[in-house]
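Heads up, the thing below is written out as structure tokens.
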Amino acid sequence: MRYDNPDLLDRLAAACVFGTLSPRARRRFLQLARRSDAAAHALHVWEAHSARLAAVVPPVKPAPRVWREIERRTAGVGAAAGWRAWLRPALGFALGVLLTVSIVGPLPERGQAPELPEHSVLPASYVGLLLDRDGRPAALASSRRHGRDLGVKFLHAPVLSEGQVAVLWALPKQGHPFRLGTLQPQAKQRVTLADTSEKLLANVAELAVSIEAAGNIPDLPDPARFALRGHCVKLW
Amino acid sequence: MPDPAHLEYLLACVALRDRAAFRQLYDACAPPLLGVALRLLRRRDLAEDVLQDAFTGIWLRAESYRPQASRPMTWMTAVVRNRALDLLRAEASRPTEALEEEDEGAASADERPTPLGLLERAADALHLRRCIDQIEGPQRQCLALACYHGLSHAELASHLGAPVGSVKAWLRRGLERLRRCMEPLS
């Protein structure tokens with residue numbers, strides 16, 4: 001289905017905002033709006049209309065317990081974030097190990113490079129596990145420490161409209177993000193890096209994927225537009 | 001109506017995990033947002049649940065707010081409406097309880113403005129009365145009920161005693177007219 005008809009998007013956005021789409025269709029349209037600028041624009045226009053109409057609704061003061069419950073729910077967020085921050089690289093590591101074992105395991109021993117740690121069959125690599133906006137693993141990226149190829153495997157490939165590309169970004173611990181390459185919406189692919197992983201990724205904390213208009217890829221990404229994002233860890 | 005620039009500042013602070021700013025944002029925005037949720041859900045307990053969910057979500061995802069795309073109240077109203085609509089559609093039977101008499105800030109059922117009354121108020125506040133008055137009666141009624149009560153096509157048909165097909169056509173034409181009326185404000 002092509003969603004590049006402005007009138008169609010306008011009608012879908014109105015139905016979404018006014019609640020006359022089915023719940024499933026509404027969720028799908030909201031997802032579409034995350035990756036399509038045109039759909040997002042249509043949605044924002046109708047959300048603005050709806051908010052203007054809602055401004056005349058008489059306000060109602062919430063009971064004090066409402067704030068207490070919000071405070072309770074958000075108080076542990078720091079701890080949860082810390083736990084997730086620990087979990088993500090651990091999960092990335094574990095999945096990276098599984099992936100590497102499944103790929104490298106069957107290969108003959110001549111495939112082992114001198115950079116292998118002693119008593120290990122896993123090559124020294126950079127591994128990234130990217131999660132989607134709902135926190136589900138969506139893509140794996142891995143590259144040998146001194147290699148110039150980055151393998152990417154999508155667990156859920158991004159849906160691209162016509163004229164859009166998925167862009168893979170490296171997010172260093174310090175300094176500006178930089179582009180590693182563009183990705184196709186296919187399950188497995190290889191990106192040729194501008195330099196070795198060691199030089200490019202040694203100080204990179206995270207990888208991310210944004211959906212951009214082909215031919216208009218920004219020099220710096222807008223983090224709000226990241227469709228996928230996750231930690232990048234050293235596997236040695 | 002809270003000052004949009006101040007709300008934008010507060011949201012930016014919330015994205016930096018500033019709890020004092022979060023409280024200020026809640027104080028400024030919770031009453032109008034609860035009003036919206038209550039209109040849609042017509043049950044105070046459910047409306048307050050939605051408000052809690054919405055503000056928890058705002059705390060978690062304030063960094064995703066994009067000022068260039070929408071005003072803060074627009075964004076937060078959309079968060080509340082989406083959650084309220086999810087809840088409405090998930091309810092096996094539609095809530096029909098009246099607002100509790102002791103609800104703070106809520107008028108008794110007879111004094112509460114009807115959806116059509118609210119649409120007229122909005123038209124006056126936005127200086128669009130002439131344009132919105134030109135929307136035909138059934139279309140205007142569908143618009144008002146969908147906007148302020150979140151009625152689905154089937155519910156609109158039942159409420160208005162009309163076939164679903166007619167209701168869909170009325171609402172579609174009403175939304176087209178409404179879009180034209182509101183275009184100058186965009």
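Within every chain, numbering begins at 1; the chains are lettered A, B, ... in the order of the sequence lines, protein sequences first and strands thereafter.
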According to the side chain to side chain donor-acceptor pair (under 3.5 Å) rule, which pairs have a member within residues 169-183 of chain B, sequence neighbours left out?
-> A:D10-B:R179, B:R179-B:E183
Looking at B:P31, B:G35, B:P32, which makes the most heavy-atom pairs under 4.5 Å with chain A?
-> B:P31
Sort by residue number and list every member of residues 21-36 of chain A having a non-hydrogen atom under 4.5 Å from chain B.
-> A:P23, A:R26, A:L30
Interface moiety of A:W67 toward chain B, non-hydrogen atoms closer than 4.5 Å | both
Region of B:L171 in contact with chain A, defined by heavy-atom distances below 4.5 Å = side chain
Donor-acceptor list for residues 20-27 of chain B side chains, cut-off 3.5 Å, not counting sequence neighbours:
from  : atom 1 : to    : atom 2 : distance (Å)
B:R23 : NE     : B:D27 : OD1    : 3.0
B:R23 : NE     : B:D27 : OD2    : 3.4
B:R23 : NH2    : B:D27 : OD1    : 3.2

Count the heavy atoms of every other residue, nucleotide or ligand shown that sit under 6.0 Å from CG of A:D219, and state whether that count exceeds 12.
-> no
Considering only heavy atoms, give the residues of residues 138-146 of chain B separated from chain A by less than 4.5 Å, sorted numerically, with 'none' for an empty result.
-> B:L143, B:A146
What one should report as the nearest heavy-atom pair of B:T56 and B:Q52 is OG1-O, 2.7 Å
Nearest heavy-atom approach of B:L119 to B:Y148 is N-CE1, 3.6 Å
Highest number of heavy-atom pairs under 4.5 Å with chain A among B:D53, B:D49, B:T77, B:L85 belongs to B:L85
Dump the intermediate steps for side-chain contact (heavy atoms from CB on, under 4.5 Å) on B:L175 and A:R11, then the final yes or no.
-> CA-CA 8 Å; B:L175 286 167; A:R11 283 174 57 185; over 6 Å; no
